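Every value quoted in this text rests on a predicted model; they were computed, and no experiment measured them.
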Amino acid sequence: MIASTPDATTSALSENNPLLCNAKSYLPRFSEFVPEQTTGAMKVLLPQMESALKELEERLEKETNDITYDNVLPAVERIQDPVSYAWGMVGHLNGVQNGPALRAEYEQNQATVVQSFTAFSQSQALYKALQTLQTKFSSEEDDESFHTMQQKRAIDNALRGMTLGGVGLEGKAKERFNEIKIRLAELSTQFRNNVLDSTKDFSLTVEDPEIMEGVPASSKAMWAQAHQKHSSEEERVDPDVGPWRITLDMPSYLGVMQYIPDRSTREIVNRAFNTRASDGERNNVPLIEEILELRAESSKLLGFSNFADRSLASKMASSVQEVTNLSQLIADAALPRASKELADITAFAKERGGSVYQDLDKLMPWDVAFWSERYKEETFAITKEQLRPYFALPEVLDGLFALINRLFGVTIEAADDEAEKWNKDVRFFKVFDDKDKKHIASFFLDPYSRPADKRGGAWMASCVGKSEACDRDVPVAYLNCNNSPPIGDDPSLMTFEEVRTLFHETGHGLQHMLTEAVVGDVSGISGVEWDAVELPSQFMENWLYDKSTIYGFAKHYQTGEPLPEEYFEKLVQQKTYNAGLYFTRQLYLGQMDMALHSDFDASKESIFDVQKRVASKFIPHQMPLDGDRFLCAFAHVFAGGYAAGYYSYKWAEVMSADSFSAFEELETEDQRKEMGVRFRQTVLALGGGMHPTQVFTKFRGRAPNPEALLRHNGLA
């Protein structure tokens, strides 16, 4: 929790300010933090960082003939580290404990922080020193140690980053580039705030029990509990009687779309969800237009034709055309399947839904998820609600940790009392290597949705990175989800999709925590090409269709009975259900992102024209409505790291599916353990210290092949 104190301003500069903590353990002191300490800390840390950079530049200019690796990038790491730690903590809390005071402090300091880090990327002395090091390393080809590889990669990445960061610009071009950089940071923050605010502002109170007819008990209990909390009623709201409060956070929204039979209620909620942040004071349309314009302008200042080319300069994919080629290859297999899937769902709705559906030419957006779920239940004779009791969060965590132990030889233990947390529901864990019982990593887990102050989605972030320069060898991760919270006295009973999300984010966390790279700029996920970062996360998802994994945790939360055999068989059968619809939507999002950043011309078309243009190619069976404003909440692209990079999910999934197929080829548990060690020693351990193509080849023995991806999804 974020505390409140009357003397926050005076304590901002004191030694008690947790943002000024420089302990080796580096675990944040969340309980002592108040938002007002942010400005005080930045007033201390930023001048220190700027002064240290000037001293480094002067030294590098004097020692041109004696430049060594140790007095360049490690020195930069140490100089930046206090600000990175403090600003990272503030940024994390801004995403999970958002409020007016913290938001104001974040926005007040953001521009200055951006300016201070820009000074590094545009330092001529630093750039020349790195060029000298690059030349030295290229002439020393004999040293093939991993440590040297890390240093080479860090140098190459730094030079490329500085080039993309404007080190070659001068005069008005440099001034304009830096103005754009600050403005883009401001727009990104405003975009995300608008989405968060518009999401939490909407609610729909349902009082008519007939609307809830046939809705699962878990969804009604969630909405009844939401109403009780919002209205502050002391008496418990009966989930079977209501009232029920519907919101736009993901567990609530999906409950409406998949289970409420009343079309008008679904339409209201669907339209609200797909028009978030699209009008009034929170209208993201002008923000998107300005973001796209500024990204294009800054890219041209650097000599690129468009932002997409600039983005791909630091990724595995070499060109927009290469991304398009992969997308088209997958689309050729997925499109016919998607059309048939939607036709089958539509026919089922017409057959079972009564006259209102018989007269429809096609299902509306608020119909598809509802009837898809009914058709799925009919086809496989199982419902999500039948599975929930077997996926209680405590047992799921036990099974996940057992899998990690089995594959990678590490043990995860709860250590809740050893770290301060920002919310009572947050957990803290420590990771130990089985070989020597050494504590090698830790992580926080924030599992539940909190629409009032926590942004949507799920993500992993670095709390502490591994770095020999900063003398830190125990990385710490944040794993954040928005899963169903506990209801009453019951634990969190998860949907299968929520379990998959937890496995996904843990995969990201494992790459951060099990890294053997010690050069901070390339340890964990740092320095990994963006279109490869989803490899470990999507790899972990595959284990949910492995029988021994599922039965490691799938037990009824009340009786302890294991998941019935027929349920597991149906789960496996469901894996490819609507794979065509899912794949084409992901391709549509990736190609829409790429089109907006490559060939979009605001003088000839609107952003929504681009949306429809791309949709007509990749989801012609499910075109967005005229009023659809999904783009206004597309935070991955306009407030995250996926600009001209959303395609990365499918790009990396080729590698993740191919990686998992290596385990499918094995017959014994011992062979799997051996392969797990190999995966740990390559994909998880090498981080950004080696190019992803080399890392994959080191693990798989060959280049990636999309066959496994298509086969796993029934598209081969």
Return yes if some donor-acceptor pair links the side-chain N/O of [X] with the main-chain N/O of [Y] below 3.5 Å, else return no.
X	Y	value
K547	F568	no
N713	L715	no
N482	R455	yes

Report yes if the side chains of [X] and [Y] come closer than 4.5 Å at any heavy-atom pair, otherwise no.
X	Y	answer
M540	I404	yes
I330	T584	no
V396	F503	yes
L493	F391	no
F304	L312	no
F432	V410	no
F429	L397	yes
Q574	I382	yes

In terms of side-chain heavy atoms, does [X] have a donor or acceptor partner in [Y] at a distance below 3.5 Å?
X	Y	value
T549	R406	yes
N480	E505	no
K152	Q134	no
S523	S526	no
N405	T411	yes
S449	N483	no
E534	S537	yes
S467	E77	yes
E413	H439	no
D531	Y647	yes
S616	K612	no
D546	S548	yes

Centroid separation [X] to [Y] less than 6.0 Å:
X	Y	value
Y478	F443	no
Y390	F553	no
F539	F679	yes
H512	H508	no
F618	Y588	no

Mutual orientation of the aromatic rings belonging to [X] and [Y] [parallel < 30°, tilted 30-60°, perpendicular > 60°]:
X	Y	answer
H597	F307	tilted
F634	H636	tilted
F660	H712	perpendicular

* Looking at D398, V499, L502, which hits side chain to side chain contact (heavy atoms under 4.5 Å, CB included) with L393? -> L502
* Among V528, V522, D521, find the one that has a side chain to side chain contact (heavy atoms under 4.5 Å, CB included) with N157. => V522
* What are the two closest non-hydrogen atoms of S484 and P251, and how far apart are they? -> OG-CB, 4.0 Å
* What is the minimum heavy-atom distance between A313 and R160, and which atoms define it? -> O-CD, 3.4 Å
* side chain to side chain contact (heavy atoms under 4.5 Å, CB included) between F408 and Q681: does it pass, once the steps are laid out? -> CA-CA 9 Å; F408 308 130; Q681 292 175 343; over 6 Å; no
Rounded to the nearest 0.5 Å, how far apart are [atom1] of [X] and [atom2] of [Y]?
X	Y	atom1	atom2	answer
L400	I412	CG	CD1	6.5 Å
T697	M690	OG1	CE	10.0 Å
R337	T576	CZ	OG1	5.0 Å
L684	R678	CG	CZ	13.5 Å
Y69	L73	OH	CG	4.5 Å
F699	L535	CZ	CG	9.0 Å

* To do: Show your working on salt bridge (Lys or Arg N to Asp or Glu O under 4.0 Å) between E665 and R672 and close with a plain yes or no.
  => CA-CA 9 Å; E665 297 163 4; R672 280 185 165 188; over 6 Å; no
Thinking salt bridges, do [X] and [Y] make one under a 4.0 Å N-O criterion?
X	Y	result
D446	R427	no
K340	D344	yes
R711	E664	yes
R700	D658	yes
K466	E516	no

Can you establish whether the number of heavy atoms outside [X] located under 6.0 Å from its atom [atom1] is more than 12?
X	atom1	answer
K570	NZ	yes
K376	NZ	yes
K698	NZ	no

* With R374 as the cation and F380 as the aromatic partner, state whether NZ or CZ is under 6.0 Å from the six-membered ring centre and within 45° of the axis. => no
* List for me each residue that meets ring-ring contact (aromatic ring centres under 6.0 Å, His included) alongside W530, sequence neighbours excluded, and say none if there are none. => Y642
* Can you list the steps and then say if K555 with L563 is a side chain to side chain contact (heavy atoms under 4.5 Å, CB included)? -> CA-CA 6 Å; K555 304 168 188 174; L563 184 76; over 6 Å; no
* To do: Just jot down the side chain to side chain donor-acceptor pair (under 3.5 Å) partners of S327, sequence neighbours excluded, or say none.
  => Q591
* With sequence neighbours left out, what residues match Y545 under side chain to side chain donor-acceptor pair (under 3.5 Å)? -> R500
* Run the salt bridge (Lys or Arg N to Asp or Glu O under 4.0 Å) check on K384 and E377 step by step: do they pass? -> CA-CA 8 Å; K384 289 183 178 181; E377 292 168 354; over 6 Å; no
* Dump the intermediate steps for salt bridge (Lys or Arg N to Asp or Glu O under 4.0 Å) on E529 and R153, then the final yes or no. => CA-CA 11 Å; E529 279 71 1; R153 279 273 288 177; 3.0 Å; yes
